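The structure presented is a predicted model; accordingly, all values stated were derived computationally and were not measured. Residue numbering restarts at 1 for every chain, and letters A, B, ... go by the order of the sequence lines.
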Number of protein chains: 2
Amino acid sequence: MEEHKQLFSDFLKTKGLKLTGPRQIILNTIFTYHRHFNVDALYDVIRKDHQNVSRATIYRTMPLLVESGLIKQSLRCQSKDHYEHIHGHDDHLHFLCIKCGNIIEVKSKVIDETLVQLAEEKKFILNDYNLGAKGVCEACSKKKE
Amino acid sequence: MEEHKQLFSDFLKTKGLKLTGPRQIILNTIFTYHRHFNVDALYDVIRKDHQNVSRATIYRTMPLLVESGLIKQSLRCQSKDHYEHIHGHDDHLHFLCIKCGNIIEVKSKVIDETLVQLAEEKKFILNDYNLGAKGVCEACSKKKE
DNA sequence: TATCTATTGAGAATGAATATCAAATGCAAT
DNA sequence: ATTGCATTTGATATTCATTCTCAATAGATA
Ligand SMILES: [Mn+2]
Ligand SMILES: [Mn+2]
Ligand SMILES: [Zn+2]
Ligand SMILES: [Zn+2]
């Protein structure tokens, strides 16, 4: 069994919940889809192969996946929550271009470590962080307006 | 004229817009209210003194204030966008307690500078950033459950 | 004052997200 | 396999933050 499937199964078990068919489909799709996504986009992808998974079930599954630590809610664009799977990926931050909507992922050990240290100073138990920066990407800044 | 008023007036002028009564009331309230707020809460505060300012006008004014650089959208809690005024305040990040909802503001020159440097490396023109960390505050972690 | 915009308040509309509910499913103990 | 029971599901209705519409108003300018 793939590790993420095992982890989700274990997580669900601890809550008295079951790894059902729809939940497996949602999980697999998310872990084969290597991008940030919103529920609607995910629904479209899933629907290509599984016409019987409902939007409601996807909405219901997201918080479970978040609580399990397999995915996180990392952006909000166009009035929609966006998620990404994080199991197997390092923490990173997002540079979001306000011109083209493109997202650049950046890893920074300095920021990770600084946050841990700041949390320690404030006696704050740090679960996770979300860092989004807005600006203009290289491609867009080169275009004449 | 207070500086924020002057700045907003100037900003509006460059866009062919006017610093009207309602806009002044909204601006003043925001700059005398030293907390993060959402539109509904702001509406309630404003309404105490000015029964004739509508919710729609507040919603319409927010993006102008954001674009002017006087305020920013810094959090999303309880399905609502939250703002804070930033003119006259240093950049800072937020530790949000998932138990009590409390927000701890933290300044970090290291993070500020690291972001500037990362943006430079990626040739990304950095406008602003938003860093929210989730976890448990000291008070909450001391409570027995 | 007359004219031309921008602006406003009130209420309607939008739409992402959540809640409801009866039917279906998963699972464990017979 | 069958039963019993809690969980889950799809379809649909509902919520509610935010945006839109529009007729009436206000501001600026000449
Ligand atoms: Mn990412
Ligand atoms: Mn703040
Ligand atoms: Zn771009
Ligand atoms: Zn707390």
Side-chain angles (χ1 to χ4, degrees), chain A residues 1 5 8-29 36-68 71-83, chain B residues 1 5 8-29 36-68 71-83:
Chain A
M1 188 161 19
K5 185 169 165 186
F8 195 38
S9 172
D10 293 349
F11 165 81
L12 290 170
K13 210 162 286 170
T14 66
K15 305 206 77 176
L17 306 178
K18 303 158 192 167
L19 182 55
T20 61
R23 284 180 181 154
Q24 286 188 50
I25 291 167
I26 294 166
L27 178 70
N28 282 336
T29 308
H36 307 91
F37 62 90
N38 58 51
V39 168
D40 253 43
L42 179 59
Y43 176 76
D44 288 342
V45 175
I46 287 176
R47 274 287 170 144
K48 284 180 194 154
D49 295 314
H50 308 90
Q51 287 74 21
N52 47 339
V53 175
S54 85
R55 190 178 261 103
T57 298
I58 302 179
Y59 271 112
R60 281 187 288 239
T61 304
M62 303 311 287
L64 295 173
L65 288 165
V66 169
E67 199 187 339
S68 77
I71 74 172
K72 78 185 280 193
Q73 191 178 332
S74 58
L75 289 166
R76 195 175 161 81
C77 307
Q78 303 146 248
S79 306
K80 296 184 188 95
D81 287 336
H82 286 240
Y83 301 84
Chain B
M1 182 159 26
K5 185 168 166 187
F8 194 38
S9 173
D10 292 347
F11 166 80
L12 291 169
K13 208 163 287 170
T14 66
K15 306 207 74 174
L17 305 177
K18 302 158 192 169
L19 182 56
T20 61
R23 285 180 181 154
Q24 285 188 51
I25 291 167
I26 294 166
L27 178 70
N28 283 336
T29 307
H36 307 91
F37 62 90
N38 59 51
V39 168
D40 253 43
L42 179 60
Y43 176 76
D44 288 342
V45 175
I46 287 175
R47 273 288 169 141
K48 283 180 193 152
D49 295 314
H50 308 92
Q51 288 75 21
N52 48 339
V53 175
S54 84
R55 191 178 260 103
T57 297
I58 301 179
Y59 270 111
R60 281 188 287 239
T61 304
M62 302 312 286
L64 295 174
L65 288 165
V66 169
E67 199 189 339
S68 78
I71 74 172
K72 78 183 278 194
Q73 189 177 333
S74 58
L75 290 166
R76 193 173 163 83
C77 308
Q78 302 148 249
S79 306
K80 296 184 188 92
D81 287 334
H82 287 240
Y83 301 84

From CZ of Arg60(B) across to C1' of dT25(D) the rounded distance in Å is 13 Å
(message) Less than 4.5 Å apart, side chain to side chain, heavy atoms only: is that true for Ile26(A) and Ile46(A)?
(response) yes
Taking only side-chain N and O atoms of Arg55(A), does any of them lie within less than 4.0 angstrom of OP1 or OP2 on dT12(D)?
no
At under 4.0 Å, does any side-chain N or O of Tyr59(A) touch on OP1 or OP2 of dT18(C)? no
On DNA chain C, more 5' by nearest nucleotide between Thr61(B) and Arg76(B) is Thr61(B)
Enclosure of Gln78(A) CD (heavy-atom neighbours >12, cutoff 6.0 Å):
no
By nearest-heavy-atom nucleotide on DNA chain D, the more 5' of Gln51(A) and Gly16(A) is Gly16(A)
Review point. Does some side-chain heavy atom of Thr57(B) sit less than 4.5 Å from a side-chain heavy atom of Arg60(B)?
Key: yes
Between Arg23(B) and dT8(C), is there a contact of a side-chain N or O with OP1 or OP2 at under 4.0 Å?
yes
When rounded to whole Å, the CG to P distance for the pair Leu19(A) and dT25(C) reads 16 Å
One should read off an interatomic distance between Leu12(B) CG and Thr14(B) OG1, to the nearest 0.5 angstrom, of 7.5 Å
Under 3.5 Å, side chain of Ser9(B) to main-chain N/O of Lys5(B), donor-acceptor pair present?
-> no
>> Please classify the nucleic acid contact of Val39(A) as base, sugar-phosphate, or nothing, using heavy-atom distances under 4.0 Å.
In response: nothing
Under 4.0 Å, heavy atoms only, any strand: does Asp40(A) hit a base, just the sugar-phosphate, or nothing? nothing
Taken to the nearest whole Å, CE/Met62(B) to C1'/dA17(D) is 13 Å
Which of dG11(C), dG26(C), dT18(D) is nearest the side chain of Ala56(B)? It is dG11(C)
From NZ of Lys13(B) across to C1' of dA6(C) the rounded distance in Å is 15 Å
Next item on the list: Look at all strands and tell whether Lys80(B) reaches a base, only sugar-phosphate, or nothing, counting heavy atoms closer than 4.0 Å.
Entry: sugar-phosphate
One should read off an interatomic distance between Leu19(B) CG and Asp10(B) CG, to the nearest 0.5 angstrom, of 10.0 Å
Considering only heavy side-chain atoms of Ser54(A), the closest of dG9(C), dG10(D), dT18(D) is dG10(D)
Side-chain contact check for Arg47(A): nearest option of dT18(D), dT8(D), dA11(D) is dA11(D)
Taken to the nearest whole Å, CD/Gln24(B) to P/dA6(C) is 19 Å
Separation of dA28(D) atom C1' from Leu12(B) atom CG, nearest Å, is 14 Å
Whole-Å distance, Leu17(B) CG to dC4(C) C1', equals 15 Å
Computed from five pairs at either end and rounded to 10 degrees, the angle between the axes of the helix from dT1(C)-dA30(D) to dT30(C)-dA1(D) is 30°
Check your understanding: Does Thr20(B) make a side-chain N or O approach to OP1 or OP2 of dA6(C) shorter than 4.0 Å?
Key -> no
Between the CG atom in Asn38(B) and the CD atom in Gln73(B), the distance rounded to the nearest 0.5 Å is 11.5 Å
Reckon Asn38(B) touches a base, only the sugar-phosphate, or nothing at all at heavy-atom distances under 4.0 Å?
nothing
Asn52(B) atom CG is separated from dG9(C) atom C1', nearest whole Å, by 10 Å
From the candidates dG9(C), dT5(C), dT7(D), the one with an atom nearest any side-chain atom of Lys18(A) is dT7(D)
Are Tyr83(A) and Val39(A) close enough that some pair of their side-chain heavy atoms sits under 4.5 Å apart? yes
